[in-house]
Number of protein chains: 2
Amino acid sequence: MRRALTTYARRGLHGQTVEVIARRILAGEIAPGATLDITALQAELDVSLTALREALKVLAAKGIVDARQKRGTFVRPRADWNLLDGDVIRWQFAEGADPRLLDKLHEVRSIIEPAAVRLAASRATDDDLTALDGALDEMAAAKGHPTAAVAADLSFHRALLAATHNELLERMEVVMETGLAERDRLVHGGEPHDDPVPSHRAVVDAIRVRDATAAETAMRGLLEKAVRDVEKVRGKKGNR
Amino acid sequence: MRRALTTYARRGLHGQTVEVIARRILAGEIAPGATLDITALQAELDVSLTALREALKVLAAKGIVDARQKRGTFVRPRADWNLLDGDVIRWQFAEGADPRLLDKLHEVRSIIEPAAVRLAASRATDDDLTALDGALDEMAAAKGHPTAAVAADLSFHRALLAATHNELLERMEVVMETGLAERDRLVHGGEPHDDPVPSHRAVVDAIRVRDATAAETAMRGLLEKAVRDVEKVRGKKGNR
DNA sequence: TAATCATTAATTAGTAATACATCTTGACAG
DNA sequence: CTGTCAAGATGTATTACTAATTAATGATTA
């Protein structure tokens with residue numbers, strides 16, 4: 001059930017190096033098109049050239065930087081970044097994040113999930129349903145424990161995507177994961193929430209009886225509630 | 001307009017090393033869970049340890065391998081792979097590809113694109129429409145030139161996703177790109193095709209007049225045609 | 001005996017110095 | 001004005017080494 005938060009290995013000195021450079025770029029501190037001063041970075045971060053290069057290879061693999069002989073290592077245009085990469089999404093939230101990112105993530109989620117429940121309704125196996133029930137139990141048990149509630153929410157949505165039996169849809173998890181967690185973080189601290197279990201159970205029940213339309217409707221209900229929750233918090237905090 | 005095919009830098013000896021190892025893993029030659037014999041690989045590919053390690057960093061960044069001290073470098077379970085990464089998708093098609101991958105890609109496409117045209121209908125700017133018209137022109141000019149036709153098709157779908165003004169949706173391009181290209185490759189060689197321009201123009205026209213429903217309908221028509229084309233070819237070739 | 005803690009060994013992580021390959025720039029010739 | 005070639009800058013790769021991490025093993029102690 002437990003899952004790694006990052007794809008690349010974050011262990012060791014080298015992992016920190018990746019994080020530091022990535023956050024600088026993602027926060028806009030180093031702008032697209034700018035060439036990285038390798039020697040300065042090396043001195044500042046106090047790492048060897050080899051270690052630094054390995055860190056940059058990770059960023060290159062995610063489309064963030066590119067190294068060209070004689071021209072240097074530079075930040076690629078944002079259009080080339082692998083925004084569907086879990087690490088890239090996470091780094092964006094780290095600092096100076098565009099608040100609209102959350103809306104964009106939600107937009108993707110509200111495209112994927114209604115379609116996903118339809119597929120789940122036609123393809124879910126007994127194991128999938130067991131996993132979904134498990135997530136509901138987890139959600140019920142998490143009442144009053146914000147961290148556990150977020151984890152349960154993620155479990156539910158993961159189980160749902162898994163029930164589509166389409167690997168690619170399943171991996172959309174990374175897009176939703178951070179958004180979901182961020183939303184939960186934002187929303188918590190508001191008034192105590194109404195029990196999320198019934199609304200989620202409605203989705204599972206519809207999948208169980210293979211009623212795609214009912215499942216989709218129930219899911220759209222969840223999505224609308226998510227929007228209302230965020231709007232409520234934003235309104236309170238005076239954000240637009 | 002031209003765009004890099006890979007995200008990581010494929011230049012140099014190192015780039016080849018990544019490709020070789022990636023393809024072996026993606027083709028199943030090195031199974032998930034297996035530990036890589038670094039020294040053997042080094043000898044076989046005739047590269048230095050450093051170069052090999054940098055290549056492995058690229059794969060690590062895409063969630064394909066993980067290196068743990070004392071335990072070795074091993075292939076991560078497929079569930080951890082960044083399947084939404086353009087390189088990973090491309091590598092899967094390279095050899096021994098699961099034919100169902102194409103169906104999965106199409107499934108994602110048929111979820112994303114109808115939703116995308118709805119958004120495009122409400123958000124497309126004049127520039128977006130110009131880009132779409134340009135893609136239609138390209139498509140018209142490409143008549144009889146398979147390669148150019150594929151390129152034009154890709155331009156169209158890219159312009160469409162761009163018109164949603166959601167970066168994340170825009171990056172779904174990588175998921176569709178390879179699938180689209182692969183489908184076109186598969187389908188060409190069949191009988192001469194009917195002109196694709198009118199059906200695509202219908203989508204653009206609906207977007208221009210901001211008729212989301214008409215745009216969605218037109219898009220679903222395109223998607224169904226895509227399915228029929230592939231089925232026709234598969235039936236002919238005796239594939240199931 | 002069973003639990004705990006220290007030792008060992010295997011393997012990746014990191015350093016450093018150096019040589020190599022290749023791309024860009026710009027000079028020069030046609 | 002255009003193509004070719006040389007120089008130099010800079011990323012790429014090699015080598016050899018040391019450090020850190022951790023699974024497994026064995027010793028010690030309750």
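Every chain is numbered from 1 and lettered A, B, ... according to where its sequence line falls, protein lines coming before strand lines. Values in this document were obtained by computation on a predicted structure and should not be read as measured data.
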Worksheet item: Think A/Arg53 has a side-chain N or O under 4.0 angstrom from the OP1 or OP2 of D/dT12?
Response: yes
Worksheet item: Do any side-chain nitrogens or oxygens of B/Thr73 fall under 4.0 Å of OP1 or OP2 in C/dT11?
Response: no
Between [N] ([atom2]) and [X] ([atom1]): distance, integer Å:
X	N	atom1	atom2	value
B/Asp66	C/dA13	CG	C1'	13 Å
A/Leu56	D/dT12	CG	C1'	13 Å
B/Arg68	D/dT22	CZ	P	7 Å
B/Phe74	C/dA10	CZ	P	19 Å
A/Leu45	C/dG14	CG	C1'	14 Å
A/Glu54	C/dG14	CD	P	7 Å
A/Arg71	D/dA9	CZ	C1'	14 Å
B/Leu41	C/dT12	CG	P	11 Å

With sequence neighbours excluded, tell me which residues meet side-chain hydrogen bond (donor to acceptor under 3.5 Å, both in side chains) with [X].
X	value
B/Asp37	B/Thr39
B/Arg201	none
A/Arg71	none
B/Thr125	B/Asp128

Worksheet, complete the sentence: Residue pair A/Lys70/A/Leu52 against DNA chain C: nearer the 5' end by closest nucleotide is A/Leu52
Anything under 3.5 Å between a protein N or O and an N or O of nucleotides 15-18 of chain D, put it in a table, one pair a line.
residue : atom : partner : partner atom : Å
D/dT15  : O4   : B/Thr50 : OG1          : 3.1

Fill in: B/Ala51 side-chain proximity, nearest of C/dT24, D/dA23, D/dA13
D/dA13
Item to complete: Please determine, for the side chain of A/Ala67, which listed nucleotide (C/dC23, D/dG11, D/dT21) has the closest atom?
Response: D/dG11
Worksheet item: Between A/Glu44 and A/Arg24, is there a side-chain N and carboxylate O pair less than 4.0 Å apart?
Response: yes
Worksheet item: Between the base of C/dT12 and the side chain of B/Gln69, is there any donor-acceptor pair under 3.5 Å?
Response: yes
Discussion item. Donor-acceptor check, side chain of A/Arg171 to backbone of B/Ala79, threshold 3.5 angstrom: yes or no?
Written reply: yes
Practice prompt. Applying side-chain contact (heavy atoms from CB on, under 4.5 Å), name anything that partners A/Ala115, two or more places apart in sequence or on another chain.
Written response: B/Ile111
